[in-house]
Amino acid sequence: RRGSVPEVVKDGVSGWICDSVDELAERARNLNIQPQTVRNYVESEFSLDKMVDRYVELFAEVSGGAIRP
């Protein structure tokens, strides 16, 4: 649950967010995530258009609204 993990991994969809090495090892032994599910998640959340929209929103927020999406 540190760093960018929660921003990239959707728990149970594109992987798991674990709190211990033991938990991570257990999840690795029982993956049960379909590759197409991961691909769909990545395509919907990390497309070029989505990333650009998020940057524009962030710039608008930090500029106090001087930049509008």
Quiz item: If you link I, L, V, M, F, W and Y whenever their side-chain heavy atoms are under 4.5 Å apart, who else ends up in the same group as V5?
Solution: V9, I17
Quiz item: Salt bridge or not for R54 and E61, using N-O below 4.0 Å?
Solution: no
Practice problem: Please report the closest heavy-atom contact between E7 and F46, naming both atoms and the distance. | Solution: O-CZ, 3.6 Å
Quiz item: Roughly how far apart are L58 CG and D53 CG, rounded to 0.5 Å?
Solution: 12.5 Å
Side chains of residues 31-38: which donor-acceptor pairs under 3.5 Å do they make with residues two or more places apart or in other chains?
{"unit_1": "Q36", "atom_1": "NE2", "unit_2": "N40", "atom_2": "OD1", "d": "2.9"}

Exercise. Without swapping roles, check the side chain of S63 against the backbone of A60 for a donor-acceptor pair under 3.5 Å.
Key: yes
Quiz prompt | side chain to side chain donor-acceptor pair (under 3.5 Å) against D19, all qualifying residues, sequence neighbours excluded | solution = R1
Practice problem: Check whether V42 and W16 end up in the same hydrophobic cluster, where Ile, Leu, Val, Met, Phe, Trp and Tyr are linked by side-chain heavy atoms less than 4.5 Å apart. | Solution: yes
Quiz item: How many angstroms lie between atom CG of L24 and atom CZ of R29, to the nearest 0.5 angstrom?
Solution: 9.5 Å
